[in-house]
Trainee: 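So that we are looking at the same thing, I have put the structure below in structure tokens.
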Amino acid sequence: PEGGCSNWGYLPADSRRVVFAGHSMGGHGAWHIATHWPDLALAVSTAAGWIRKEYYGDSNNLWDHDLGVAHVDATLKGLLESAVQESYVDLLAPNLKGTPVLARIGSEDHAVPPWQQRRMFRHLAEHGVVVHWDEVPGQQHWWWDSLTSSDGGCVNDDIMRAFFAAP
């Protein structure tokens, strides 16, 4: 319609203030972008967002299965490890001070163990970040039903909608 989305009562998009949200790998992406560019973050919402790739199952454990690691110079090994540390979002938790955060996880998640979100929650809380915690009992990595059948689940149920609607 003429006049764009303003006819529907929505505010126009603002690339300088963004709500970063995601589930699983998208949750890590939301953590990553928000902790690296906190001045852009209006809010952050992660569902099952892992905090370090090395903690995500056995898909990318740095050095664990490398037989030659015992022969790598310690200085070189440290240099190589430093290349991935920029993705350790738990180290950058203090950057989110002043940004509302919602961290969600299913208590039975076996893809992203709940301790990862709990650890990020603790880091955020220790640094004075206002973080809302939601560990959903009995839910696994992905769920469609939080309280009622097909209510939006981990990414769009009443809790998520209330967080996104908050001023």
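If you read the sequence from its start, that first residue is 1, and numbering goes on from there.
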Trainee: Return the minimal non-hydrogen interatomic distance between Val112 and Ile105, and the atom names on each side.
Mentor: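 It is O-CD1, 3.5 Å.
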Trainee: I need the minimum non-hydrogen distance between Pro114 and Asp109, along with the two atoms involved.
Mentor: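 In terms of heavy atoms, the two residues are closest at CD-O, 3.4 Å.
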Trainee: Show me the pairs that pass salt bridge (charged side-chain N to carboxylate O under 4.0 Å, His left out) and involve residues 28-49, at least two apart or across chains.
Mentor: none
Trainee: Is Glu135 paired with Arg118 through a side-chain N to carboxylate O contact shorter than 4.0 Å?
Mentor: yes
Trainee: On a heavy-atom basis, which atom in Ala125 and which in Val131 lie closest, and how many Å separate them?
Mentor: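 Minimum heavy-atom separation between Ala125 and Val131: N-CG1, 4.4 Å.
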Trainee: For Ala30 and Ser45, work out which heavy atoms get closest and say how close.
Mentor: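 For Ala30 versus Ser45, the nearest heavy atoms are CB-O, 4.2 Å.
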Trainee: Ignoring hydrogens and angles, write down the donor-acceptor pairs under 3.5 Å from the side chains of residues 73-84, residues two or more places apart or on other chains.
Mentor:
| unit_1 | atom_1 | unit_2 | atom_2 | d |
| --- | --- | --- | --- | --- |
| Asp73 | OD2 | Thr75 | N | 3.0 |
| Asp73 | OD2 | Leu76 | N | 3.2 |
| Lys77 | NZ | Glu81 | OE2 | 3.4 |
| Glu81 | OE2 | Trp63 | NE1 | 2.8 |
| Ser82 | OG | Leu79 | O | 2.6 |

Trainee: Looking at Gln116 and Ile51, would you say the former's side chain and the latter's main chain have a donor-acceptor pair under 3.5 Å?
Mentor: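 A pair under 3.5 Å: yes.
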Trainee: Side chain to side chain donor-acceptor pair (under 3.5 Å) with Gln117: which of Trp50, Trp31, Trp133?
Mentor: Trp31
Trainee: Counting N and O atoms only, with roles assigned by atom type, does the side chain of Asp134 sit under 3.5 Å from a partner on the main chain of Arg104, one being a donor and the other an acceptor?
Mentor: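 No.
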Trainee: Kindly say whether Pro113 contributes a backbone atom to a donor-acceptor pair with the side chain of His141 at under 3.5 angstrom?
Mentor: no
Trainee: Hey, can you pull the donor-acceptor pairs under 3.5 Å for the side chains in residues 160-167, sequence neighbours left out?
Mentor:
| unit_1 | atom_1 | unit_2 | atom_2 | d |
| --- | --- | --- | --- | --- |
| Arg161 | NH1 | Asn156 | O | 2.2 |
| Arg161 | NH2 | Asp158 | OD1 | 2.6 |

Trainee: Per the ring-ring contact (aromatic ring centres under 6.0 Å, His included) rule, what does the pair list look like for residues 71-115, sequence neighbours excluded?
Mentor: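 Non-adjacent pairs meeting ring-ring contact (aromatic ring centres under 6.0 Å, His included): Tyr55-Trp115.
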Trainee: What residues, two or more places apart in sequence or in another chain, satisfy side chain to side chain donor-acceptor pair (under 3.5 Å) together with Ser87?
Mentor: none
Trainee: Taking ring-ring contact (aromatic ring centres under 6.0 Å, His included) as the definition, give me every residue that meets it alongside His36, ordered by chain and number, with sequence neighbours left out.
Mentor: His32
Trainee: Can you give me the closest heavy-atom contact between Ala93 and His123, atom names plus distance?
Mentor: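 Scanning both residues completely, I find the closest heavy atoms to be CB-CB, 3.8 Å.
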Trainee: Say whether, by atom type as modelled, one donor and one acceptor occur between the side chain of Asp151 and the main chain of Ser146 under 3.5 angstrom.
Mentor: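 Confirmed, Asp151 side chain pairs with Ser146 backbone.
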Trainee: Going only through I, L, V, M, F, W and Y residues with side-chain contacts under 4.5 Å, is there a path from Phe121 to Val44?
Mentor: yes
Trainee: Please determine whether side chain to side chain contact (heavy atoms under 4.5 Å, CB included) holds for the pair Thr35 and Met120, giving the CA-CA distance in whole Å, both sets of side-chain angles, and the decisive distance to 0.1 Å.
Mentor: CA-CA 12 Å; Thr35 56; Met120 189 64 172; 4.3 Å; yes
Trainee: Give me the atom names and distance for the closest heavy-atom approach of Thr46 to Gly27.
Mentor: CG2-O, 3.4 Å
